[in-house]
Amino acid sequence: MSTASQARATNAANECRPSLARGLWALTYRELKKWLKDPVMLIMFVLQPLIWMGLLGKSMNIQGLFSSGNLGNIEIPNITIPTVYGNVTIPGTLLAKQLQQEFSKIGTSVMQNTFGVADYFSFMAVGMVSMIVMTTTMFSGMSIVWDRRLGFLDKVISTPVSRAAIIFAKILNATFRAMFQASVILALAYLLGLQLSSSFTLLNLLGVYAAIFLLGVGLSAVFIAFSIRSTRMERPMQFISLITMPLMFASNTFFPTKLMPDWMQAIANVNPLTYLTDAIRRLTILPLDASALIWDFTYLGLFAAVLTSIGIVLAWRYLTR
Amino acid sequence: MTDEVIKAENLTKIFNKSLVAVDHINFSVREGEIFGFLGPNGAGKTTTINMLITVLKPTEGRASVLGFDVVKQANEVRKVIGVVPQEYTADEDLTGYENIILCADLYGIPRDIAKKRALELLELVELTEFRDKRVETYSGGMRRRLELACGLINRPKVLFLDEPTLGLDVQTRAATWEYIRRLKKEYGMTIFMTTHYLEEADALCDRIAIIDHGKIIVTGSPSELKDSLGGDVITITIKENADVTDIIRSVENVKEVRKENGSYRIKAAKGEATAPLIIEALRRKGFTVTRLSLTEPTLNEVYLEYTGRAIRDTEESKEAFRMHRITLRRARAG
């Protein structure tokens with residue numbers, strides 16, 4: 001190897017100034033562009049939670065359970081109470097009416113105590129937002145398998161682009177998608193009757209995005225690390241369908257955790273989905289509770305930090321086989 | 001004195017601790033030459049290329065490109081090489097121009113230079129009029145040319161071509177060969193390519209290594225390899241009824257002479273040069289040659305000689321086969 005030709009090579013190399021930001025932007029831009037050019041997938045992804053939300057949220061009319069109409073016609077006989085002034089008769093119809101009114105009040109209070117809000121739809125619509133954040137990040141993480149199969153990943157690896165940019169582009173793409181889908185679901189939920197709390201401001205929306213961002217980053221990092229060596233879609237797919245259900249149900253997505261059996265509560269209490277859902281609920285439909293929010297965000301922040309570190313270390317190690 | 005642009009020493013790749021894809025190979029590529037790796041599918045060609053372009057880590061041995069170690073100085077290697085992979089890796093949802101700019105971004109080439117160069121490269125591969133069309137609409141040949149343009153965006157010193165004409169029709173293949181020759185001539189680029197087409201190796205490569213089962217069996221220029229078979233076969237017939245075996249044998253380069261049915265079957269190195277000498281020698285002794293035919297051995301015979309079988313697809317792994325089919329399907333889609 002003569003110094004002359006190495007010098008020439010170095011000259012050519014000097015012109016290349018691969019930077020993390022540049023590579024990250026280029027790769028993320030590619031992903032987002034791909035995504036926007038596939039509106040069918042976009043609609044499909046929104047459609048599924050929309051169906052869940054519309055059908056499940058509306059059919060599980062839990063507040064309806066406690067409505068006066070649901071008590072039906074109760075027949076209460078007239079009650080006669082003997083007093084010193086003679087017998088006083090209270091008509092049964094009056095009692096029944098009173099009871100129905102009380103039942104409705106009790107129902108509202110049960111709803112408030114259980115769900116924090118008076119209607120189940122608002123409660124579960126927020127859960128739906130979490131669900132879409134979870135599924136979107138999982139599937140997006142898997143797109144690295146496609147890049148591997150199509151040879152795109154190998155080509156990118158053979159360029160001097162920062163290795164971190166390759167992984168972060170995937171993470172960012174998954175997270176942006178999740179944020180977008182979440183926005184769509186929130187907007188649709190609002191149109192379908194989501195009741196915002198009186199303390200809701202547009203600033204809360206930023207909090208919602210921050211929470212989604214943290215969970216999205218953590219979850220997608222795990223999925224990218226998980227699928228980085230695969231050349232087949234089957235295994236990650238299987239894994240996703242395996243863990244989606246437990247993550248969804250062993251959390252406060254559809255039902256409050258406090259009414260679950262202890263063992264399930266234990267799972268729900270470490271399930272990051274619980275914290276995301278709780279954070280979004282507190283920011284949208286529930287009255288503001290700063291200390292609870294801080295705890296939610298701390299957990300989500302830790303989750304993102306730990307899992308992203310693990311994900312990136314694994315991805316780094318296995319990017320080059 | 002030529003430089004060794006690529007050097008591999010005992011380069012080995014073992015997958016899953018048992019599958020030996022590349023088995024202690026040694027070779028070097030000189031500056032400015034087109035070096036071909038020839039072998040059937042599954043012989044270890046792509047694995048070798050992937051180690052040289054820093055996509056795979058060697059299990060054993062070492063390799064360097066322009067003096068940079070492919071493991072320890074991987075990033076230096078990446079800056080000075082261009083890669084045209086076997087698959088169509090251009091993004092179908094982006095336009096040809098966007099794809100080239102994406103590549104430029106990955107190399108961190110300043111935007112203004114990148115834009116100018118992208119247009120030049122599109123011109124070079126004759127895709128200017130399709131620059132703003134999505135790659136989805138490109139034919140196989142166009143995609144291959146776009147890959148070539150992407151691989152050239154950083155003005156590489158060494159270009160790696162993995163099966164550059166896989167799945168292309170005859171015309172497109174010939175056109176691709178032309179581009180490759182032009183690159184070598186105009187940019188003085190060193191080119192490392194793999195192929196399982198014998199005629200491709202013969203037409204393009206200055207030197208060839210035949211690889212089979214992860215081992216390099218023989219290395220040399222196409223003509224050296226053909227000569228190593230014992231040379232060309234010249235068949236002549238003379239007008240006179242006499243035995244001229246000794247006269248022919250005395251001619252330079254003649255290795256073997258046999259009289260068969262009134263004609264002479266001569267094995268000789270450099271047949272085209274030797275045949276006139278034989279005619280001349282016979283004429284001087286008063287004999288007249290009435291018929292002459294010359295058959296040159298092809299790489300096909302070389303391949304047969306060294307591997308003991310004709311070059312054709314061997315049993316591939318399922319995944320490789322599937323990838324192959326994806327590539328072919330996309331190539332046909334235009």
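Every chain is numbered from 1 and lettered A, B, ... according to where its sequence line falls, protein lines coming before strand lines. Scope of the values below: all heavy atoms of this structure, side chains included, with no hydrogens, waters or symmetry mates.
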Note: vs chain B, highest number of non-hydrogen pairs under 4.5 angstrom among A:Ile157, A:Ile166, A:Val156 is A:Ile157
Bottom line for A:Lys155: the part with an atom under 4.5 Å from chain B's heavy atoms is side chain
Cut-off 4.5 Å, heavy atoms of chain A, and the answer for B:Asn75 is both
(message) Is the ring pair A:Phe239/A:Phe226 parallel, tilted or perpendicular, if the boundaries are 30 and 60 degrees?
(response) parallel
Per-residue tally against chain A (heavy atom, under 4.5 Å) across B:Val77, B:Leu94, B:Ile53, B:Asp91 peaks at B:Asp91
Between A:Thr175 and A:Ser220, the two heavy atoms sitting closest are OG1-OG, 4.0 Å
Centroid-centroid under 6.0 Å between B:Phe27 and B:Phe37 rings: yes
Exactly one candidate in B:Lys133, B:Arg143, B:Arg134 meets salt bridge (charged side-chain N to carboxylate O under 4.0 Å, His left out) with B:Glu92; the answer is B:Arg143
